[in-house]
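To start, the structure itself, in structure tokens.
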Amino acid sequence: MADTRQPIKAVRGTRDILPPDTSLWQHVEDSARRVFHRYNFHEIRTPIFEATELFARGVGEETDIVGKEMFTWEDKARAQSERSQSLTLRPENTAGVVRAYIEHKLGESGMLQKLYYVGPQFRRERPQKGRYRQFYQIGAEVLGPPSAGSESPARDAEVIVMLADLLREVGIQQWSLHLNSVGCADCRPKYNEALRAALKDVVHTMCADCRRRAVNNPLRVLDCKVPEDQPKIAALPTIGQYLDEKCRVHFSEVKSILDATGIRYDVNERMVRGIDYYTRTTFEFSHGGLGAQSALLGGGRYDGLSESLGGPKAPGIGFALGLDRFVIALEAEGVTAPATAPRAYIAPLGAGMNPEAAKLAHELREQGMAVEVGDESFRLKKSFESAERAGIPFVVIIGENEVKAGAFAVKDLTSGEQVTVSRGEIVKTLS
RNA sequence: GCGGCUAUAGUUCAGUGGUCAGAACGCCGGACUGUGGCUCCGGAUGUCGUGGGUUCAAAUCCCACUAGCCGCCCCA
């Protein structure tokens with residue numbers, strides 16, 4: 001038997017989010033839902049765990065996420081009717097959404113699907129500020145058959161504009177948008193080849209990290225922060241030079257729409273994304289003051305994902321926003337959630353007054369008013385202090401005098417004024 | 001997964017070998033027996049992260065573990 005005095009703690013990389021922090025989280029979630037609905041997005045809820053195969057095929061076998069960061073277990077068969085299978089806590093939600101799109105044949109409607117989700121994701125990384133093993137994302141996906149317009153650069157731009165709206169709505173001001181195109185299945189391999197060829201000549205003069213990246217993932221070399229390497233990196237070929245005609249046109253139309261809507265962005269040809277499925281447009285909104293985890297949200301187009309999961313052709317674009325980091329950014333900018341306190345504190349005074357207080361509280365709550373109730377054992381001073389501390393503007397006293405008179409004493413804590421009102425007038429007095 | 005820093009009251013922290021571990025804020029009680037904010041008085045804060053070791057003696061030194069933070073990798 002374990003020592004029962006030893007309290008059990010939240011496991012590494014997980015945490016509790018408590019009030020009043022939760023109200024800031026709700027502020028972000030409520031804002032997101034509001035903004036998304038303006039853009040005609042609808043919520044989808046997919047399972048928190050899926051077949052491991054989904055992420056292996058969707059996110060990419062070679063990615064860090066799939067290679068070393070997934071919570072995976074073998075779910076053993078316990079009955080003849082069950083089969084054993086490998087399951088994984090979702091490390092991201094796009095694969096699950098596309099799986100659902102395919103499974104429910106949403107493309108058959110011929111309509112563009114505009115879906116958003118809110119929920120926990122799981123990655124087994126080293127925890128840090130703004131990086132947790134259970135973290136929360138808000139994301140959205142636009143996908144559908146090409147005939148529904150899913151391939152249009154207008155979709156890319158609309159998603160990005162929506163995010164700028166969300167940032168404004170929520171109150172984040174110090175953001176920057178980084179934009180890139182990573183090309184398609186035709187032109188990206190050509191760029192990769194060119195990059196490898198160029199690196200062959202200079203990589204031996206670069207830092208140890210770069211020498212390793214040049215072999216594993218040449219695109220990552222572009223991310224290097226070592227000052228001495230910068231001139232060499234600047235001389236490497238850029239993806240822009242290798243985009244084919246269609247990709248180039250697509251990218252320039254995305255930019256035109258952003259220009260038309262007044263969204264500021266930097267084209268960053270060195271921006272590399274960690275998930276295999278991205279094609280053409282990729283983007284990232286970042287925020288200062290987040291330290292090593294500066295990315296607030298990121299996304300991009302994934303024209304081949306549905307097919308790689310065995311589905312129909314269904315080009316799409318989406319993003320994921322890290323709520324944990326988003327909230328840190330909000331705090332850094334001093335954004336606070338609108339305060340919510342009950343309207344009145346009902347203070348029963350003296351033995352036998354609890355039922356009277358409960359009766360009044362119930363009547364007020366039935367009419368939609370939020371109220372808090374003290375206890376007949378409290379001295380009045382304690383009731384007033386409790387109301388004061390909770391930010392409740394009115395105290396309603398119910399004692400012997402009030403019951404005899406058939407009225408309540410109502411004190412406005414802001415003005416200090418106290419009046420006596422009948423049961424029938426109390427709602428008006430408190431409103 | 002790698003490197004570094006850290007862990008003492010609810011919170012922010014002081015305390016680097018020697019009576020029973022401290023401050024501020026917060027909390028509780030009283031002055032004020034049915035009236036908050038200000039003031040004054042009093043009180044409790046705690047297996048000093050966990051487990052070992054060294055020592056006559058450990059919050060303090062050593063080791064391991066756990067957790068957090070910073071950076072790397074990577075990423076939301």
Side-chain angles (χ1 to χ4, degrees), chain A residues 2-3 5-15 18 59 62-69 91-94 119-139 163 207-210 212-213 216-217 219-220 223-226 271-275 283-287 290-300 318-329 345 347-350 353 374 376 378-403 409-418:
Chain A
D3 185 348
R5 289 172 307 172
Q6 195 61 246
I8 295 168
K9 298 188 293 182
V11 303
R12 181 178 174 78
T14 71
R15 54 155 176 177
L18 308 170
V59 178
E62 303 305 315
T63 61
D64 270 27
I65 293 175
V66 172
K68 57 185 201 191
E69 295 173 2
E92 55 94 58
N93 216 335
T94 300
Q121 319 291 336
F122 305 84
R123 287 181 204 170
R124 203 192 156 82
E125 296 181 279
R126 180 74 171 253
Q128 239 177 74
K129 191 180 182 71
R131 168 190 288 175
Y132 302 92
R133 289 183 169 186
Q134 173 171 335
F135 59 105
Y136 297 83
Q137 287 189 329
I138 295 176
L163 287 165
C207 70
D209 281 338
C210 281
R212 180 176 48 77
R213 293 180 184 125
N216 297 342
N217 190 349
L219 286 175
R220 283 281 158 211
D223 250 359
C224 179
K225 283 147 199 138
V226 177
M271 187 176 66
V272 177
R273 311 242 74 230
I275 300 177
F283 60 89
E284 187 173 301
F285 285 76
S286 59
H287 189 272
L290 284 179
Q293 279 74 46
S294 70
L296 263 187
L297 65 92
F319 71 88
L321 174 158
L323 257 175
D324 307 79
R325 290 181 191 177
F326 209 84
V327 168
I328 292 170
Y345 185 99
L349 185 64
M353 290 298 144
E376 62 185 31
F378 293 173
R379 292 180 311 121
L380 253 196
K381 178 185 169 71
K382 183 182 170 81
S383 291
F384 271 86
E385 282 174 347
S386 299
E388 171 76 18
R389 205 180 332 146
I392 300 173
F394 291 97
V395 171
V396 179
I397 301 167
I398 304 182
E400 265 182 56
N401 300 344
E402 285 70 25
V403 171
V410 176
K411 182 161 183 178
D412 180 336
L413 292 188
T414 314
S415 67
E417 284 172 34
Q418 184 165 326

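Residue numbers begin at 1 in each chain, while the letters A, B, ... track the order of the sequences. No hydrogens, no waters, no symmetry mates; every other heavy atom, side chains included, goes into these values. Predicted, not measured: the structure shown is a model, and the values here were computed from it.
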TODO: Output the distance between atom OH (A/Y345) and atom CD (A/E385), rounded to the nearest 0.5 Å.
DONE: 10.5 Å

TODO: Using only side-chain N and O atoms of A/R12, determine if any of them is under 4.0 Å from OP1 or OP2 of B/A67.
DONE: yes

Task: Complement of B/A76, any strand, by Watson-Crick or G-U distances under 3.5 angstrom - done: none

Task: Atom P, compared across B/G34 and B/C41: separation rounded to whole Å - done: 24 Å

TODO: Return the value, rounded to whole Å, for the distance between atom CZ of A/R133 and atom P of B/A67.
DONE: 8 Å

Task: Identity of whatever pairs with B/G18 - Watson-Crick or G-U, under 3.5 angstrom - done: B/C56

Open item on the list: From CD of A/Q134 over to C1' of B/A67, roughly how many Å is that when rounded to an integer?
Closed with: 17 Å

Open item on the list: I'd like to know if A/R131 reaches the base of B/A76 with its side chain, counting only an N/O donor and acceptor under 3.5 Å.
Closed with: no

Open item on the list: Could you tell me how far apart A/E125 (CD) and B/C72 (P) are, to the nearest whole angstrom?
Closed with: 14 Å

- [ ] Quote, to the nearest angstrom, the P distance that separates B/G30 from B/A58.
- [x] 42 Å

Open item on the list: So, taking the atom named CD in A/E92 and the one named CZ in A/F135, what distance separates them when rounded to the nearest 0.5 Å?
Closed with: 8.5 Å

Open item on the list: Measuring only the C1' atom in each nucleotide, how far is B/U6 from B/G53? A whole number of Å is fine.
Closed with: 22 Å

- [ ] Under a 3.5 Å limit for both distances, which nucleotide forms a Watson-Crick or G-U wobble pair with B/C65, could you say?
- [x] B/G49

- [ ] Take atom C1' in B/G1 and the same atom in B/A59, then report the distance between them in whole Å.
- [x] 33 Å

Open item on the list: Any base atoms under 4.0 Å from A/A387, or only sugar-phosphate, or nothing? Heavy atoms, all strands.
Closed with: nothing

Task: Touch class at under 4.0 angstrom, heavy-atom based, for A/G13 against every strand present - done: sugar-phosphate

Open item on the list: Taking only side-chain N and O atoms of A/Q128, does any of them lie within less than 4.0 angstrom of OP1 or OP2 on B/G68?
Closed with: no

Open item on the list: Rounded to whole Å, how long is the line connecting atom NZ of A/K68 with atom P of B/G1?
Closed with: 10 Å

TODO: Would you mind pulling out the nucleotide paired to B/G36, Watson-Crick or G-U wobble, both distances under 3.5 Å?
DONE: none

Task: Distance, rounded to the nearest Å, where A/I392 contributes CD1 and B/G37 contributes P - done: 16 Å

Open item on the list: If I take atom CZ in residue A/R124 and atom P in nucleotide B/C2, what distance separates them, rounded to the nearest angstrom?
Closed with: 12 Å

Task: Sugar-phosphate or base contact per nucleotide [nucleotides 25-36 of chain B; S, B, -; heavy atom under 4.0 Å] - done: --SSSS---BBB

TODO: Tell me the partner of B/G43, counting only Watson-Crick (N1-N3 plus N6-O4 or O6-N4) or G-U wobble (N1-O2 and O6-N3) with both under 3.5 Å; none if nothing fits.
DONE: B/C27

Open item on the list: Measuring only between side-chain heavy atoms, which start at C-beta, is A/F394 closer than 4.5 Å to A/T414?
Closed with: no

Open item on the list: Would you compute the distance between atom CD of A/E69 and atom CZ of A/R123 and round it to the nearest 0.5 angstrom?
Closed with: 6.5 Å

Task: Pair partner, B/G3 [Watson-Crick or wobble, under 3.5 Å] - done: B/C70

Task: A/F135 ring over B/A76 six-membered base ring, under 5.5 Å and 30° - done: yes

TODO: Could you state the atom-to-atom distance from CG of A/N93 to P of B/A76 in whole Å?
DONE: 13 Å

Task: Distance, rounded to the nearest Å, where A/E69 contributes CD and B/C73 contributes C1' - done: 9 Å

